[in-house]
Number of protein chains: 2
Amino acid sequence: MEKKLPTIKEIAQRLNISISTVSRALHDHPSIGLRTRMAVKKMAAELNYEPNQTAIFFKQRKTFTIGIILPNLREEFFSSAINGIETIAQQNNYIVLIGQSHDDIENEKRILETMKKHRVDGILASISKNTTQFDHFEQMKSYDIPVVFFDRVPDVPDVHSVSCNLYHSSIEAVEFLINKGHKTIGYMQGPSTLGIKNERLAGYYEALKKHKIPVDESLIVSTDLSTKSTEEALDSLLGKKKKPTAVLVFNDYVALDAIHYARQKKLKIDKDISFVSYANVSVTRYLDYPPIASVEQFPYDQGARAAELLFKLLDTKTNRQDIPYENVVLKSELIVH
Amino acid sequence: MEKKLPTIKEIAQRLNISISTVSRALHDHPSIGLRTRMAVKKMAAELNYEPNQTAIFFKQRKTFTIGIILPNLREEFFSSAINGIETIAQQNNYIVLIGQSHDDIENEKRILETMKKHRVDGILASISKNTTQFDHFEQMKSYDIPVVFFDRVPDVPDVHSVSCNLYHSSIEAVEFLINKGHKTIGYMQGPSTLGIKNERLAGYYEALKKHKIPVDESLIVSTDLSTKSTEEALDSLLGKKKKPTAVLVFNDYVALDAIHYARQKKLKIDKDISFVSYANVSVTRYLDYPPIASVEQFPYDQGARAAELLFKLLDTKTNRQDIPYENVVLKSELIVH
DNA sequence: TGGGAATGCGCAATCGTTTGCCTATTTTTT
DNA sequence: AAAAAATAGGCAAACGATTGCGCATTCCCA
């Protein structure tokens with residue numbers, strides 16, 4: 001068992017030809033005659049030869065590996081996104097390295113560093129909730145490692161990204177509530193860093209404006225995504241003299257916590273208070289009281305598109321620095337449950 | 001930007017010393033004097049030198065990469081397991097490559113092949129539901145790539161594995177139901193391939209026997225894990241003259257489908273029929289009608305232990321073939337909701 | 001039949017690092 | 001003060017594959 005793996009050299013020796021001939025023969029290089037080519041291939045098959053990829057990686061300065069950095073694998077959104085990425089990666093004969101930041105920028109930096117060391121050819125990233133500056137990603141440029149952000153994309157101009165347009169569906173979501181007769185609609189936003197260009201909020205404002213509902217800033221609360229913080233945020237909304245009858249919530253996970261808490265407080269869901277959120281996670285299917293609607297963000301597609309963009313970058317021979325930054329924006333869709 | 005990365009050679013030239021000296025200096029080799037060592041390190045820092053890992057991987061015949069093969073990232077169980085693995089991998093300065101089989105053996109083979117090509121140092125795997133033979137894993141031995149299975153482990157002797165003992169907690173689960181007064185208890189199992197040594201079923205039998213409840217084989221049904229199949233299985237149970245008042249179910253996802261379907265059928269959960277299952281996924285927290293109990297299988301720990309075992313194997317200098325196969329079995333725990 | 005294309009293949013450098021072995025200088029020992 | 005030993009560092013091979021260049025044959029056509 002402890003046998004050394006056969007190399008190109010081994011084949012060459014057995015056939016008494018040079019290793020360059022073997023290499024070329026295996027690659028169907030035209031300068032190698034048919035008979036030797038056949039002989040080489042036959043011998044390669046016999047010996048069960050497989051090229052040593054690490055040698056090739058080294059020589060070619062390419063590893064056929066892309067790195068994915070994201071906050072958390074456990075969120076359905078991200079695991080779906082990975083599926084999209086994996087599909088495209090496979091088509092391109094690439095393999096994926098995964099690192100979770102667990103929403104911590106230090107982890108993010110460490111992972112990036114490790115991936116750089118491993119010489120990944122490119123990186124796909126969804127930033128952590130406390131990533132406010134991007135030097136670590138910026139730095140990848142000097143190593144000629146392209147980075148494409150998806151979903152949680154930094155709000156700076158000079159990056160490639162794929163994300164969802166949440167502005168329109170946020171308007172749609174709020175209008176959906178308004179049409180249901182709601183007049184006092186709260187908004188529970190996520191960590192402020194996650195939405196510098198806060199499309200959700202902008203849509204919220206726009207919808208209210210469109211329907212001539214005055215904005216009450218105290219109806220806008222924040223959660224850091226933890227259960228506790230969400231509960232506090234909801235408390236704050238419920239503590240108002242004029243309580244909201246509906247709340248637009250940052251995402252389904254937060255909504256689940258909010259709904260759970262509201263029910264503990266003996267509120268009747270969809271009677272006393274309704275929730276609409278984002279992500280459209282599949283588990284809501286099993287719930288008796290899911291958000292009445294949720295904005296589908298098509299994680300699989302986002303992942304796939306981001307991967308496609310990355311491979312486009314990897315394919316370009318020209319100086320990558322010259323490629324204009326591309327910011328793909330996908331449509332989202334309000335799904336009513 | 002297009003600058004070439006500095007190499008050890010670059011440093012050597014600037015300092016007018018040999019590259020071997022540079023290499024040794026950077027590794028604090030004792031045969032290099034203090035002054036040159038300092039000079040080298042200073043220059044390395046100045047040039048922002050970073051060793052080319054691909055060269056090192058190649059030379060060392062090691063990639064500091066392990067591959068994880070599992071059915072599906074979207075199951076919380078597996079993403080938690082990955083967390084455990086990632087933690088241990090990080091401690092060992094390893095990085096993880098991930099591939100999903102999507103419960104298809106062909107994918108599993110393809111992934112394994114790719115990982116082999118990429119020369120991973122070792123592999124952690126949870127087999128797909130239709131993997132009944134293991135040649136592809138077996139083959140890794142001849143490449144000296146150790147494989148450790150976790151959770152879904154093959155039922156053959158000569159493998160390393162980490163799994164949960166479901167026998168005892170299955171007994172516990174059934175006894176829990178018996179103590180609640182249930183006399184007719186069904187069992188819905190998963191794909192037969194996933195449990196050749198079917199501990200769940202064995203525990204089910206044992207508990208009944210212990211409490212002198214005769215086994216009714218028609219109370220044992222199977223699902224391929226799809227919603228449809230689960231519904232059919234439940235139908236079969238409900239079609240009996242003597243319907244079960246409780247069902248032990250393969251896992252929470254199946255249980256969720258079963259409960260959902262039972263409710264559609266107007267059954268009162270925990271009144272007409274109760275469910276106990278496995279996995280203890282966190283979302284049940286938000287459900288009005290979760291399984292009344294679920295067997296926690298500690299995916300994080302399983303992942304971590306499997307990774308530890310793998311690193312132990314990777315650390316051994318001796319011929320790896322000589323290491324006795326290790327089969328770690330962790331305790332599971334019935335969690336009552 | 002002689003000279004210029006094709007055709008078929010080998011040499012050797014290269015990628016960046018590590019490491020066994022050897023040499024030269026300095027230090028220690030007796 | 002000469003021999004032995006320790007110290008410091010260089011040479012070159014090796015890891016496995018790719019590739020530009022050059023050197024033989026063989027072939028074709030005049």
_Let's see if you get this right: which residues in residues 46-66 of chain A place a heavy atom under 4.0 Å from DNA chain C?_
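Here the set is F58(A), K59(A), R61(A).
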
*Under 4.0 Å from any heavy atom of chain B: name the first and the last nucleotide of DNA chain D that qualifies, 5' to 3'.*
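That gives a stretch of dA8(D) to dG16(D).
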
*Could you say whether R35(B) or T21(A) is positioned toward the 5' end of DNA chain D, judged by the nucleotide with the nearest heavy atom to each?*
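It is R35(B) whose nearest nucleotide is closer to the 5' end.
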
Check this for me: does any side-chain nitrogen of one of [X] and [Y] sit under 4.0 Å from a carboxylate oxygen of the other?
{"X": "D28(B)", "Y": "K41(B)", "result": "yes"}
{"X": "K141(A)", "Y": "D158(A)", "result": "yes"}
{"X": "D103(A)", "Y": "R152(A)", "result": "yes"}
{"X": "E113(A)", "Y": "R110(A)", "result": "no"}
{"X": "E46(A)", "Y": "K42(A)", "result": "yes"}

_Contacts of type salt bridge (Lys or Arg N to Asp or Glu O under 4.0 Å), residue K117(B), not counting sequence neighbours_ =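 Result, salt bridge (Lys or Arg N to Asp or Glu O under 4.0 Å) vs K117(B): none returned.
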
_Go through it in stages, so that I can follow the logic: the residues are T7(A) and Y49(A), the test is side-chain hydrogen bond (donor to acceptor under 3.5 Å, both in side chains), and I'd like the CA-CA distance, side-chain angles, deciding distance and then a yes or no._
CA-CA 7 Å; T7(A) 70; Y49(A) 167 77; over 6 Å; no

Rounded off to whole Å, could you give me the [atom1]-to-[atom2] distance for the [X] and [N] pair?
{"X": "I11(B)", "N": "dT18(C)", "atom1": "CD1", "atom2": "P", "answer": "11 Å"}
{"X": "I8(B)", "N": "dT19(C)", "atom1": "CD1", "atom2": "P", "answer": "11 Å"}
{"X": "R37(A)", "N": "dG8(C)", "atom1": "CZ", "atom2": "P", "answer": "9 Å"}
{"X": "R24(B)", "N": "dT19(C)", "atom1": "CZ", "atom2": "P", "answer": "9 Å"}

_Using OP1 and OP2 only, check whether a side-chain N or O of T36(A) sits under 4.0 Å from dC9(C)._
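Answer is yes, contact under 4.0 Å.
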
*According to a strict under-4.0 Å criterion, is S23(B) in side-chain N/O contact with OP1 or OP2 of dT18(C)?*
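Yes, S23(B) has a side-chain N/O under 4.0 Å of OP1/OP2 on dT18(C).
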
*Contact nearer the 5' end of DNA chain C, comparing G33(A) with I19(A)*: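 The residue whose closest nucleotide sits nearer the 5' end is G33(A).
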
*Which class fits the ring pair H160(B) and Y325(B): parallel under 30°, tilted 30 to 60°, perpendicular over 60°?*
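Rings of H160(B) and Y325(B): tilted, 30 to 60°.
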
*Please work out if H27(B) contacts a base, only the sugar-phosphate, or nothing of the nucleic acid, heavy-atom cut-off 4.0 Å.*
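Sugar-phosphate, no base atom in range.
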
*asked:* Once you apply a heavy-atom cut-off of 4.0 Å, does S20(B) come out as touching a base, just sugar-phosphate, or nothing?
replied: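 Base contact.
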
